[in-house]
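Note sheet for the following structure.
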Amino acid sequence: MKKWIDNIRRVEPYVPGEQPSDADVIKLNTNENPYPPAPEVLETAKNTDMGLLRLYPDPTASKLTDALADMHGVKSAQIFPGVGSDDVLSMIFLTFFNSDKPVLFPDITYSFYSVWADVYRIPYERPALDCDFRIRARDYYRENGGVVIANPNAPTSIYEGLDFIEDILRHNGDSVVVVDEAYIDFAEGPSALELLPEYDNLIVVRTFSKSRSMAGLRIGYAVAGEELIKALNDVKYSVNSYTLNRPSIELGAVAARCGDYYDGITRKVVATRERAAKELEKLGFECLPSGANFLFARHGKVSGRQIFGELREAGIYVRHFDAPRIDDFLRITVGTDEQMDRLIDFLKRYS
Ligand SMILES: *Cc1c(COP(=O)(O)O)cnc(C)c1O
């Protein structure tokens with residue numbers, strides 16, 4: 001008998017979206033940006049001295065944290081950078097959720113939250129979204145070991161205003177409240193960053209994977225008061241001190257200073273989203289109101305599984321979740337206008 005088998009940490013892993021090698025696939029399945037990084041980023045990449053890769057990177061990634069601090073008008077000591085926001089969120093779960101009380105997050109939200117809670121043995125409860133797929137603030141009024149809210153939520157795409165976030169903060173003075181703003185740049189409303197001066201238990205998590213067109217570099221970060229950031233760094237330096245690699249630090253710092261370019265492509269994605277939502281509705285789909293770079297849509301008559309499979313056959317990849325209440329929905333990343341036209345053309349067969 002292999003005794004060591006009993007000592008393996010058993011977990012049900014997160015399943016990431018497919019990354020097909022076939023370049024002809026219309027890839028609307030992982031919420032990447034259809035537009036390239038800023039020209040300044042590409043130029044810097046060309047001129048980067050790869051000989052320096054023999055050296056470890058700056059463990060503090062100060063060039064990047066300084067640029068992010070300028071971008072948000074906060075101190076560098078209020079920024080915790082990581083290898084994508086997945087790394088940052090994982091460190092947040094490990095650092096702040098050490099209570100016997102359950103951490104709270106919605107039943108339908110980013111499915112990685114429950115995976116981190118499981119792998120770190122953190123108790124959690126998942127209050128149900130209401131019948132319109134919205135988070136009910138009052139479900140988060142009870143005692144807990146922490147709160148995690150994605151805003152806009154994924155995969156529902158729905159954005160809640162600051163009053164909603166502040167309501168949750170006001171009822172959770174004794175917990176760390178995490179607001180995952182992976183999609184906030186596509187929302188028509190303010191960020192919870194505005195609330196940071198008033199709430200020292202708030203952490204806002206951001207990523208360069210979606211609105212900054214840099215999913216391939218893996219850059220994410222948390223913004224919070226200095227006390228929470230210090231706690232995160234203490235844990236990080238107890239796990240892996242050199243997290244961000246040299247190219248990510250260099251190119252991320254440049255991207256943080258190219259706001260105008262990214263505002264431009266974000267406006268394009270939002271315009272395409274609004275047009276695509278109207279077209280889909282004409283074809284018999286219902287789209288939840290989106291504040292993100294994706295649409296969460298279901299057809300009135302044909303099952304989500306069927307449409308997902310037939311799209312895939314046709315080389316159009318979207319995401320489908322085999323979960324209660326949402327298995328008739330497709331999560332469709334907003335691509336270029338041309339990609340969305342190809343999708344909509346295909347979907348005409350269901351109208
Ligand atoms: C995409 C996403 C992330 C992770 O992004 P990274 O690529 O790891 O930065 C985190 N939270 C939500 C809600 C997301 O959709």
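Atoms within a ligand are numbered from 1 in the order they appear, just like the ligands themselves.
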Enumerate the atoms of ligand 1 whose separation from the nearest heavy atom of R218 is less than 4.0 angstrom.
-> 6 (P), 7 (O), 8 (O)
Return the residue, atom name and 0.1 Å-rounded distance of the protein heavy atom closest to atom 13 (C) of ligand 1.
-> D180 OD2, 3.4 Å
Do R349 and F346 meet the cation-pi criteria used here (NZ or CZ under 6.0 Å from the six-membered ring centre, within 45° of the axis)?
-> yes
Closest to atom 5 (O) of ligand 1 (heavy atoms only, candidates S85, G17, A215, G216) is S85
Mark yes or no: K301 above the aromatic ring of Y350, with NZ or CZ under 6.0 Å from the six-membered ring centre and no more than 45 degrees from the axis.
-> no
Backbone or side chain, does any N or O of Y113 fall under 3.5 Å from an N or O of ligand 1?
-> no
Closest protein heavy atom to atom 3 (C) of ligand 1, given as residue, atom name and distance to 0.1 Å | K210 NZ, 3.4 Å
Within the structure, does Y110 bring an N/O atom to less than 3.5 angstrom of an N/O atom in ligand 1?
-> no
If you count the atoms of ligand 1 from 1 in the order shown, which ones are under 4.0 Å from a heavy atom of S209?
-> 6 (P), 7 (O), 9 (O)
Nearest-0.5 Å distance that lies between atom OG in S157 and atom CZ in F133 = 11.0 Å
What class does the angle between the rings of Y221 and H72 fall in, given that below 30° is parallel, 30 to 60° is tilted and above 60° is perpendicular?
-> tilted
Please determine if D263 and R267 form a salt bridge, counting it only when a charged side-chain N lies under 4.0 Å from a carboxylate O.
-> no
Distance under 6.0 Å and angle within 45° of the ring axis: does R273 meet both against F186?
-> no
Honestly, for Y183 the part within reach of ligand 1 (heavy atoms, under 4.0 Å) is side chain
